[in-house]
Amino acid sequence: MGMKIYNSLSRQLEDFVPLNPEQVSVYSCGPTVYDYIHMGNARTALITDIIRRYLVYKGYNVKLVQNLTDIDDKIINRAAELGVTAKQLAHQNGEAFFEDSQRLGIQPADVHPKATEHIPEMIDLIQTLIDKGAAYVIEGSVYYRVNQFAEYGKLSNRKPEDLLAGARVEVDERKEDPRDFDMWKAAKPGEPSWESPWGQGRPGWHIECSAMAMKHLGETIDIHAGGEDLQFPHHENEIAQSELATGTTFARYWMHVAFLKIDGTRMGKSEQNFILLRDALDNYPTEVIRHFLISAHYRHPLDYNQESLRKSEGALRRLNNCLDALKKYAGPVEASETTHTPLQHAVQEMRAQFTQAMDTDFNTAQALGAIFSLVGAVNKSLTAPSEETDLAFAQAYQALIETCQVLGIYDTDTQNSDDDNIEQRDQLVQLLLEIRQDAREQKDWETSDKIRDRLKELNIEIKDTREGTTWKFLTK
RNA sequence: GGUGGCGUAGCCAAGUGGUAAGGCACGGGCCUGCAAAGCUCUUAUUCGUCGGUUCGAUUCCGACCGCCACCUCCA
C-alpha cells in the first residue's frame with residue numbers, strides 16, 4: 001500500500017508520490033534562535049524526524065533541510081537586553097538547539113541553513129520579484145505586492161476581504177495594500193545590517209525560507225512542514241514569493257503540526273507558559289518524552305502535563321521489560337520466514353498494522369497500538385507454556401526493534417554500550433548476587449536484604465524471578 | 001466578524017456506515033521469605049446533545065451546546 005499525506009493545501013488526504021522517486025525532499029521550518037527551544041518546538045522537530053525515519057524505512061532516500069532563523073526583531077531585542085550582540089545570541093542558541101535536538105534523539109538534518117548565511121540568495125530572489133513587478137521599494141524597504149499573486153490565500157483558505165476585515169494590527173500607512181509584507185527591512189540605527197541594492201538592511205522572515213529551501217532543494221520540493229501557526233502568514237507568503245518568482249509549484253505537500261498545549265491552552269513563547277525541552281529532558285528519559293509527543297496524531301492538539309508523562313513512562317517500562325526478556329533470542333532472522341506459530345502470526349500482523357498506520361498520514365498513535373499489541377502477545381507466549389519456537393521470539397524481537405527505531409522509542413546504542421569497565425562491573429554485580437543467593441538459601445534475610453538495599457542505593461534494582469535473580473540500572 | 005479544528009471508558013488516545021485499537025490508573029489472580037518489579041484477567045450495549053438520511057450511524061447531513069486555534073511575532 002502506498003503512503004497518504006494530509007495536504008494542508010487541499011485539506012484532504014492525498015497519495016504521496018515524490019517528484020523524484022530517487023530522493024524525497026523535505027523542508028522543515030526551524031526555530032528562531034533567540035531562546036532555548038520549548039516542547040512545542042520539539043513536537044514539530046520530532047514529527048519531522050519521524051517522517052524522515054519512516055520514509056527511510058520505506059526505502060526512500062531523503063534530503064532534509066531545516067533552517068535556523070538567526071536574525072530578526074526578537075533576536076535583536078533580546079540581545080540588547082542581555083548586552084550581547086545579536087550574532088552572539090543567535091550562535092549560542094543555535095548551538096543549544098542542536099544540543100537539545102540531539103538529546104531528544106533527533107537526527108540532524110542534511111543541511112541546517114542559517115538566514116545570515118544566505119543574504120545574497122535572498123537579495124537575488126527579491127530582485128527577481130521587483131523585476132517582475134511583484135515588489136516595490138519604499139525608503140530602503142522592499143514590500144511584496146500581494147495583489148500580483150492571484151492565488152494568494154490558497155494555503156490558509158483565506159479570501160482577500162477576510163484578511164482585511166481581520167486586521168488587528170496597526171497598518172503601515174506606506175504600504176500600497178495592508179496585506180503586503182516586507183521582504184527587506186531598511187536598517188534602523190544600531191541594528192545589524194547587510195548591504196543591498198536598496199541600502200543597508202536585513203531580510204524579512206518569509207523570504208529566508210523561500211530562498212534557502214530553493215537553494216538546497218530546488219524550485220519544487222516534496223514536503224514542507226512546520227507548526228500550524230506558520231500556515232498563515234508565513235507559509236502563505238513563502239508560496240507567494242516562491243511561485244511568483246519561479247512560475248512553478250513551491251511545495252507539493254504542506255504538513256502542519258498541531259500545537260502542544262499546557263493546561264488546555266497553547267504553549268507559546270508569547271504566552272509565557274512554555275516548558276523548555278532541556279528542562280523536560282532533565283526530568284524524563286528521551287524515549288519517554290518521544291513516546292509522549294507521538295502518543296497523539298500530529299494533527300491533533302496534545303496537552304503537556306506530568307500525568308501524561310507518567311503514563312508514557314509506564315508504557316515505556318512495559319515495552320522495555322518485554323524487549324529485555326526477548327533479548328536472549330536476538331539473532332539473525334532471515335526475511336520471508338513462513339508463519340506457523342501464533343506468535344509468528346502476531347508478528348506479521350503487527351508489521352502490517354504498523355505500516356498501515358504510518359502510511360496513513362504518519363499515524364504514530366495507531367502505530368504504537370500495533371507495537372503494544374505485539375508486546376502483549378509476546379508476554380503471553382513468554383509466560384505461559386506454549387509451542388513457540390526460538391525463531392518466533394527472535395522474529396518478534398526483530399520486528400519490535402525495527403518499528404521502535406522508526407519511532408525512536410528504543411535506543412539500541414545505550415543498551416549495548418561496551419566500555420572496558422562494563423564487563424568487570426557486571427562480574428562484580430554477579431558476585432554480589434551469588435553471595436546473596438547463598439544467604440537466601442540459608443534464610444539469612446538480613447544479609448540478602450542488605451545487599452538488595454545497598455544495590456538499590458547505587459541505582460541498581462534486582463528482581464527475584466522464577467529463572468533466577470536479574471538486575472538492571474534504574475533510569476535516572 | 002472570517003476560517004479551521006475538537007468533544008470516544010476514571011484519565012490519555014486510535015478508529016470505522018454493520019456494531020468500539022493501544023497505554024495509564026483501579027480491582028481480581030499468578031509469582032515471592034518479604035519486597036519491588038513483572039506477568040495475567042476484568043473494565044465503554046456505547047462514542048457532547050437533539051433531529052435527519054439509511055436495513056443499520058459513534059462514523060454521513062443539519063441544528064444546538066461546550067472547548068480550542070489561526071486571522072499579529074510564535075513550531
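A note on names: the letters A, B, ... follow the listed sequences, proteins ahead of strands, and every chain is numbered from 1. Since the structure is predicted, the reported quantities are computational estimates derived from the model, not experimental observations. These values consider heavy atoms only, across backbone and side chains, with no hydrogens, waters or symmetry-generated copies.
Across all strands shown, A:G226 has heavy atoms under 4.0 Å from sugar-phosphate atoms exclusively, and none from any base. A:S312 comes within 4.0 angstrom of nothing in the nucleic acid, heavy atoms only. Across all strands, A:A258 comes closer than 4.0 Å to base atoms (heavy-atom distances). Within 4.0 Å (heavy atoms only), A:K443 reaches no atom of the nucleic acid at all. Nucleic acid contact for A:L260: base, since at least one base atom lies under 4.0 Å from a heavy atom of the residue.
In this model, a side-chain donor or acceptor of A:D449 finds a partner on the base of B:G33 within 3.5 Å. Checked by distance alone, A:R158 brings a side-chain donor or acceptor within 3.5 Å of a matching partner on the base of B:C70. Under 3.5 Å, the side chain of A:H256 and the base of B:A75 form no donor-acceptor pair of N or O atoms.
Using P as the reference atom, B:A25 and B:G66 are 35 Å apart when rounded to the nearest Å. Taking atom C1' on both B:A75 and B:G23, the two are 26 Å apart, rounded to the nearest angstrom. For the P atoms, the distance from B:C11 to B:G18 is 27 Å, rounded to whole Å. Look at the P atom in both B:G62 and B:A21: the space between them is 29 Å, to the nearest Å. As rounded to the nearest Å, B:G38 and B:U32 have C1' atoms that lie 11 Å from one another. A distance of about 15 Å separates the P atoms of B:U53 and B:U58, rounded to the whole Å. Rounded to the nearest Å, the gap between the P atom of B:U54 and that of B:U40 is 47 Å. The same atom, C1', is picked in B:C26 and in B:G1; the two are 48 Å apart, to the nearest Å.
A heavy-atom distance below 4.5 Å is found between the side chains of A:H224 and A:C29. Within the 4.5 Å cutoff, the side chain of A:E151 has heavy atoms near those of the A:F149 side chain. Annotation: side chain of A:F16 is in contact with side chain of A:Y253 (closest heavy-atom distance under 4.5 Å). The closest side-chain heavy-atom distance from A:T48 to A:Q66 is not below 4.5 Å.
Shown here are the salt bridge (charged side-chain N to carboxylate O under 4.0 Å, His left out) partners of A:E176, two or more places apart in sequence or in another chain: A:R145.
Nearest-nucleotide positions on RNA chain B for A:M267 and A:R299 put A:R299 closer to the 5' end. Nearer the 5' end of RNA chain B, as judged by each residue's closest nucleotide, is the contact made by A:R11, out of A:R11 and A:G314.
Minimum atom distance to the side chain of A:R266 is reached by B:C70, of the listed B:C73, B:U3, B:C70. Nearest nucleotide to the A:R440 side chain, out of B:C34, B:G38, B:G22: B:C34.
Side chain to side chain, A:S156 and A:E236 meet the donor-acceptor criterion of an N or O pair below 3.5 Å.
In this structure, A:F259 forms no aromatic stack with the base of B:A75, since the conditions of centre separation below 5.5 Å and plane angle below 30° are not both met.
Listed pair A:N379 / B:C39 meets the phosphate criterion, a side-chain N or O lying under 4.0 Å from OP1 or OP2. When the side-chain nitrogen and oxygen atoms of A:R452 are compared with OP1 and OP2 of B:A36, none of them lie within a distance under 4.0 Å. Contact between the side-chain N/O atoms of A:R318 and the OP1/OP2 oxygens of B:A37 is not found at any separation under 4.0 Å.
Counting heavy atoms of neighbouring residues, nucleotides and ligands inside a 6.0 Å radius, atom OH of A:Y57 exceeds 12 of them.
Between the side chain of A:D303 and the backbone N or O of A:D263, at least one donor-acceptor pair lies under 3.5 Å. Between the side chain of A:R252 and the backbone N or O of A:I223, no donor-acceptor pair lies under 3.5 Å.
Counting to the nearest Å, the P atom of B:G33 and the CZ atom of A:R436 are 11 Å from each other. Distance CD (A:Q356) to P (B:A21): 15 Å, rounded to an integer number of Å. Rounded to a whole Å, the CG atom of A:L319 is 11 Å from the P atom of B:C24. Rounded to a whole Å, the CG atom of A:L455 is 20 Å from the P atom of B:A35. Computed from coordinates, the A:L155 CG to B:G4 P distance equals 13 Å when rounded to whole Å. The CD1-P distance, from A:I223 to B:A75, rounds to 21 Å in whole Å. Separating the NZ atom of A:K261 from the C1' atom of B:A75 is a distance of 16 Å, rounded to the nearest angstrom. The separation between A:Q231 atom CD and B:G2 atom P is 19 Å, rounded to whole Å.
Just one residue in the list A:D110, A:D222, A:L64, A:V65 forms a side-chain contact (heavy atoms from CB on, under 4.5 Å) with A:S25, and that residue is A:D222.
Base pairing in RNA chain B yields stems of at least 3 consecutive Watson-Crick or G-U pairs, both distances under 3.5 Å, namely B:1-7 with B:65-71, B:10-12 with B:22-24, B:27-30 with B:38-41, B:48-52 with B:60-64.
In this structure, A:R318 fails the cation-pi test against A:F372, since its NZ or CZ atom is not both closer than 6.0 Å to the six-membered ring centre and inside 45 degrees of the ring normal.
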Footprint string (nucleotides 8-14 of chain B, 5' to 3'): B base within contact, S backbone only, - free, heavy atoms under 4.0 Å: ---BSSS
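Under the 30°/60° scheme for interplanar angles, the aromatic rings of A:H235 and A:H256 are found to be tilted.
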